[in-house]
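Written out below as C-alpha cells is the structure these notes cover.
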Amino acid sequence: MIQFIREIIENEEGHEDLWNAPKINTMSTDNMRELFVNDPSIDITMDRKAAKQWWSTKIDQLQNLKLIEQWARYNEGKVSDYLSALKQAVKVAAKEKRRISRLANSSENS
C-alpha cells in the first residue's frame, strides 16, 4: 500500500482518475505524503511489526479515502491471484477438517 501511495504521489499525472475520486480529490500530494509517507515514527521497511503498526495507525484514513479500493482497482491481477489462492486454501482446510472429523468419529465408535 505504501508503495502505491508513493507511486500516486510521484506520478500524479498517471493517476488522474484516482485524484478525481471523491474524498481523494480534496487531498494534495503534500497532504497525502504527510499523512501516509512522512511519518518519522514508523519505518515500515524495517520489519513486520513496524508494518503492522503503520497499518493499525493508518487504516481509518485509508478506508475513509477509499485507498484500499483504489489499490485493488489498480492491482486487479494481484487481487485475482490472492482470491484464487485463498479459495484453494479454504478447500484444503475444509478437506482436512472433514478428514479429522471422520477420524474423531471413527475413534469414538471404536
Side-chain angles (χ1 to χ4, degrees):
M1 179 57 69
I2 193 72
Q3 290 172 335
F4 176 69
I5 293 170
R6 285 181 177 144
E7 179 185 324
I8 63 174
I9 290 169
E10 293 168 9
N11 185 13
E12 190 174 354
E13 293 79 28
H15 298 92
E16 292 92 353
D17 57 330
L18 184 139
W19 286 103
N20 290 323
K23 296 191 180 187
I24 295 176
N25 64 2
T26 64
M27 302 282 290
S28 70
T29 56
D30 289 339
N31 296 137
M32 190 80 72
R33 186 177 288 109
E34 190 62 33
L35 186 60
F36 296 110
V37 180
N38 290 347
D39 186 344
S41 66
I42 300 172
D43 179 7
I44 66 162
T45 61
M46 286 178 26
D47 60 21
R48 189 171 193 271
K49 184 177 178 182
K52 286 173 68 174
Q53 182 181 357
W54 183 88
W55 273 101
S56 67
T57 60
K58 304 299 182 187
I59 190 69
D60 290 339
Q61 293 121 334
L62 292 167
Q63 289 175 332
N64 183 44
L65 293 170
K66 301 199 179 296
L67 278 169
I68 297 168
E69 290 89 340
Q70 293 292 341
W71 176 90
R73 195 169 58 83
Y74 276 85
N75 292 279
E76 289 178 0
K78 289 180 182 178
V79 172
S80 179
D81 291 347
Y82 172 79
L83 290 175
S84 294
L86 179 61
K87 286 177 186 176
Q88 184 61 33
V90 168
K91 285 180 185 178
V92 169
K95 184 177 179 181
E96 182 65 9
K97 183 179 177 185
R98 286 190 304 272
R99 185 185 72 78
I100 292 170
S101 180
R102 281 193 305 269
L103 285 173
N105 288 337
S106 68
S107 67
E108 288 175 359
N109 296 332
S110 298

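- For E96, the salt bridge (charged side-chain N to carboxylate O under 4.0 Å, His left out) partners are R99, not counting sequence neighbours.
- With sequence neighbours excluded, the residues satisfying salt bridge (charged side-chain N to carboxylate O under 4.0 Å, His left out) with D17 are R73.
- Remark: side-chain polar atoms of T57 are paired, donor with acceptor, to backbone N or O of Q53 under 3.5 angstrom.
- Taking both residues in full, the closest heavy atoms of I59 and I68 are given as CD1-CD1, 3.8 Å, listed atom of the first, atom of the second, then distance.
- Atom CD of Q70 is separated from atom CE of M1 by 9.5 Å, given to the nearest 0.5 angstrom.
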Practice problem: Please report the C-alpha distance between N31 and T26 in whole Å, then the side-chain angles of each, then the deciding distance to 0.1 Å, and finally whether the side chain to side chain contact (heavy atoms under 4.5 Å, CB included) criterion is met. | Solution: CA-CA 9 Å; N31 296 137; T26 64; over 6 Å; no
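- Remark: the backbone N or O of L67 is not paired with any side-chain donor or acceptor of K23 at under 3.5 angstrom.
- Every residue was checked against the salt bridge (charged side-chain N to carboxylate O under 4.0 Å, His left out) condition with D60, not counting sequence neighbours, and none meets it.
- For the atom pair CG (L62) and CD (E69), the distance works out to 10.0 Å, reported to the nearest 0.5 Å.
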Donor-acceptor pairs are to be reported for all side-chain atoms of residues 75-89 against protein atoms at under 3.5 Å, with residues two or more places apart or in another chain.
residue	atom	partner	partner atom	Å
N75	ND2	W71	O	2.8
S84	OG	S80	O	3.1

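- A search for side chain to side chain contact (heavy atoms under 4.5 Å, CB included) contacts involving E12 returns W19, T29, not counting sequence neighbours.
- The ring pair (Phe, Tyr, Trp, His ring centres under 6.0 Å) test applied to Y74 returns F4, H15, not counting sequence neighbours.
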Using the side chain to side chain contact (heavy atoms under 4.5 Å, CB included) rule, take L65 and L35 through it: C-alpha gap first, then chi angles, then the decisive distance, then the call.
CA-CA 12 Å; L65 293 170; L35 186 60; 4.3 Å; yes
R48 vs K52, test: side chain to side chain contact (heavy atoms under 4.5 Å, CB included). Steps then yes/no. CA-CA 6 Å; R48 189 171 193 271; K52 286 173 68 174; 3.6 Å; yes
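- With hydrogens and angles disregarded, no donor-acceptor distance shorter than 3.5 Å links the side chain of N64 to the backbone of Q61.
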Handout entry: Criterion side chain to side chain contact (heavy atoms under 4.5 Å, CB included) on R6 and I9, from CA distance to verdict
Key = CA-CA 5 Å; R6 285 181 177 144; I9 290 169; 5.7 Å; no
